[in-house]
Number of protein chains: 2
Amino acid sequence: MSSEPFGVLADPARRRILDLLRERPRLVGELTEAIGLSQPGTSKHLRVLREAGLVTVRPEAQRRWYELRPEPLAEIDAWLTPYRWMWADRFDALERHLDTMDDE
Amino acid sequence: MSSEPFGVLADPARRRILDLLRERPRLVGELTEAIGLSQPGTSKHLRVLREAGLVTVRPEAQRRWYELRPEPLAEIDAWLTPYRWMWADRFDALERHLDTMDDE
DNA sequence: CAGGAATATAACCGCAAGTGCATGTACTCG
DNA sequence: CGAGTACATGCACTTGCGGTTATATTCCTG
C-alpha cells in the first residue's frame, strides 16, 4: 500500500481534498461535489488519506466529518529541506541582507 | 504524462537519485549501482526526472553527467506552505516570538 | 576497423491504482 | 417498521507504472 505521504499526494484529487479541509472539516458530500468525482470515488480517496494519517473522521449519525491532520506532511517537508536553499536565487535576498548588515 | 513534480517524487528510487545528485553530478553507472536497479531501469527514472525538469544532462563522450535542477521542487514547497505552520507545535516558538515583541 | 564501454530505447510483463456501477450498512424520521 | 439519506465496500475493467531482457547507438581505444 502506498501509505507513503509522497505517493498519497501524487493524486491531484487528494491534494484538492486536503486543500479543502485546510479551511474547515467537511462532509463527504461536499468533497464529492467539489472535486467532481463520484461519491464512491471520493470515499476511496478519503480511505487512502485516512490510512496515511492525513485525515481523521468524526462520525455524526450517518454523516462523517473529515478533518485535516497535517502531521504526516512533515515528512515531505523534511525531505525538501536540504533542497530549499537551492532554487530561489537567494542572491538578491542574501545581498540585501548583507547590505543591511553593512548599514548597521 | 505525469510530468508533475508530485508524481515524480512518488517513487522512492527517484527521490534517492535526487538525493545523490544533491552532493554532486553523477554518471548513470554510479546511480545504477547506488539504487540497486538495472541500468535501463535507472535510465527510465532519469528520463522521467529529465522531463520534469528536475535534472539536466551534460554528455561527455559516451558518458552522461546528470546534475540536479531543483527549481521544480519549488512547486511542492509552495503547495506545502499553507500547511507548514500546522504540524510543528509552534506554540513555544510563537510564544517566544511574542515575548520578544513585548520586550521591545 | 574491430571491440568494448556507457547509455538509451524497445518490447514485454505483472500488478496495483483509479474509476464507474452496483450493493451493503448504519442511522433518522415518519 | 419502512423509506430515505449518507457513506463505505465489492467487483469489474482499464490503464499506466515500474521492472527486466534484448537491442540499438555512440564514442573511445588498440
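Atoms considered below: every heavy atom in the structure, side chains included; atoms not considered: hydrogens, waters and symmetry mates. Chain A is the first sequence line, chain B the second, and so forth, proteins listed ahead of strands; every chain is numbered from 1.
- At least one side-chain heavy atom of A:Arg84 sits less than 4.5 Å from a side-chain heavy atom of A:Asp77.
- Across the protein-nucleic acid pair, B:Glu33 atom CD and C:dA6 atom C1' stand 14 Å apart, rounded to whole Å.
- Regarding B:Gln62, its CD atom lies at a distance of 9 Å from the C1' atom of C:dG4, rounded to whole Å.
- For A:Leu20 against A:Ala34, the heavy-atom pair with the smallest separation is CD1-CB, 3.5 Å.
- Dashed line: the shortest gap from a side-chain N or O of A:Ser43 to OP1 or OP2 of D:dC7 is not under 4.0 Å.
- Residue A:Arg47 places at least one side-chain N or O under 4.0 Å from the OP1 or OP2 atom of D:dT9.
- A side-chain hydrogen bond (donor to acceptor under 3.5 Å, both in side chains) with B:Tyr66 is found for one member of B:Arg58, B:Arg50, B:Glu30 and no other, namely B:Arg50.
- The listed nucleotides are C:dT19, D:dG19, C:dC27; the one nearest the side chain of B:His45 is D:dG19.
- The residues A:Arg16 and A:Asp19 are annotated as not salt-bridged, no charged nitrogen and carboxylate oxygen being separated by less than 4.0 angstrom.
- Nucleotide D:dG18 holds its P atom 10 Å from the CG atom of B:Leu49, rounded to whole Å.
- In this structure, the CZ atom of A:Arg64 is 9 Å from the P atom of C:dA26, given to the nearest Å.
- Between C:dA8 and B:Tyr66, a contact under 4.0 Å exists linking OP1 or OP2 to a side-chain N or O.
- Following rounding to the nearest Å, B:Gln39 (CD) and C:dT9 (P) show an atom-to-atom distance of 11 Å.
- Going from atom NZ of B:Lys44 over to atom C1' of C:dA10 covers 9 Å, rounded to whole Å.
- At D:dG19, none of the side-chain N or O atoms of B:Ser38 fall inside 4.0 Å of OP1 or OP2 (strictly under the cut-off).
- A:Arg47 has a carboxylate O that lies under 4.0 Å from a charged side-chain N of A:Glu51, or vice versa, which qualifies the two as a salt bridge.
- The interatomic distance linking A:Arg26 (CZ) with D:dA6 (P) rounds to 17 Å, in whole Å.
- Looking at the side chain of A:Asp11, the nearest of the listed nucleotides C:dT7, C:dT9, C:dT19 is C:dT19.
- Nucleic acid contact for A:Gly41: none, since no nucleic acid atom lies under 4.0 Å from a heavy atom of the residue.
- Taking for each of B:Arg63 and B:Pro40 the nucleotide of DNA chain C with the nearest heavy atom, the 5'-most of the two is the partner of B:Arg63.
- Within the 4.0 angstrom heavy-atom criterion, no nucleotide atom of any strand lies near B:Leu46.
- OP1 or OP2 of D:dG18 lies within a sub-4.0 Å distance of a side-chain N or O belonging to B:Arg14.
- Look at CG on A:Leu37: it is 15 Å from P on D:dC7, rounded to the nearest Å.
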